[in-house]
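Step one of this worksheet: look at the structure below.
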Amino acid sequence: MSNVRRLSGYCMFKRLIFAGSLFILPLAAWALVKPMRVLAPQLEGLTCDEWVCIDDTSRRAEATGLYRDALNFVGSSVGILHTVPRAVFCAKPACSDKFGFTAALAYDVGTAGIVISHRGWRPYLIRHELIHHLQNERLGWIRARLFKPAWFREGMAYSLSQDPRQQLPEPLQGYRSEFEAWFKQVGPAKLWAEAEHL
Ligand SMILES: [Zn+2]
């Protein structure tokens with residue numbers, strides 16, 4: 001094969017890879033990064049109103065009530081949310097599977113949304129995820145997730161959500177104690193300012 005033909009073959013190959021990746025990468029992301037589905041839960045058969053997406057419409061009122069209570073709680077006792085995240089409530093195990101749940105009961109997706117599994121419909125778990133949303137808003141998602149200490153991130157969420165479990169599995173129990181000792185010194189007014197320095 002001449003150099004020219006080899007080159008054009010190579011360019012063609014690169015072009016094919018590029019064209020293929022345009023189609024394949026979003027599909028792969030959709031399939032592999034299940035939390036991304038929170039961006040368009042309708043594609044998974046959920047129905048959404050302003051805030052709440054759900055797989056079983058007969059439980060929409062219950063989900064909306066839980067969500068409204070959690071928003072009020074976190075807004076008044078932890079901090080004002082700049083945006084209300086979308087909340088995906090899975091009522092059935094099949095929905096939880098689609099959103100990638102294994103051991104977790106709920107998770108946050110940056111400032112885009114929170115996802116509640118069919119086993120996670122508890123007021124304190126929804127408050128917990130909204131506190132992560134608040135951390136993401138105030139400190140930045142990547143920064144909060146990667147650069148803030150786990151005792152702050154998780155300790156705060158377990159403590160200020162008023163999680164009723166007296167004893168959490170370690171290391172979470174330790175995180176909560178460490179946060180509570182720090183918070184006692186810092187106080188609510190300086191919470192975010194001091195969190196900047198952690
Ligand atoms: Zn957490």
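The basis for the numbers below is simple: all heavy atoms, side chains too, and nothing from hydrogens, waters or symmetry mates. First listed ligand is number 1; within each ligand, the first listed atom is number 1.
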Determine whether a donor-acceptor pair (N or O, by modelled atom type, separation under 3.5 Å) exists between the side chain of Ser77 and the backbone of Val74.
no
Quick one: does any side-chain atom of Glu137 pair with a main-chain N or O of His82 as donor and acceptor, under 3.5 Å?
yes
Mind checking whether Trp151 and Leu198 have side chains closer than 4.5 Å, heavy atoms only?
yes
State whether Trp51 and Arg68 meet the cation-pi test: NZ (Lys) or CZ (Arg) under 6.0 Å from the six-membered ring centroid, and within 45° of the perpendicular axis.
no
Contacts of the Zn ion (ligand 1) with protein N/O/S atoms, counting only those under 2.8 Å:
His128 NE2, His132 NE2, Glu154 OE1, Glu154 OE2
Using 30° and 60° as the class boundaries, would you call the ring planes of Phe179 and Trp182 parallel, tilted or perpendicular?
tilted
Within a 6.0 Å radius of atom CD on Glu196, are there more than 12 heavy atoms belonging to other residues, nucleotides or ligands?
yes
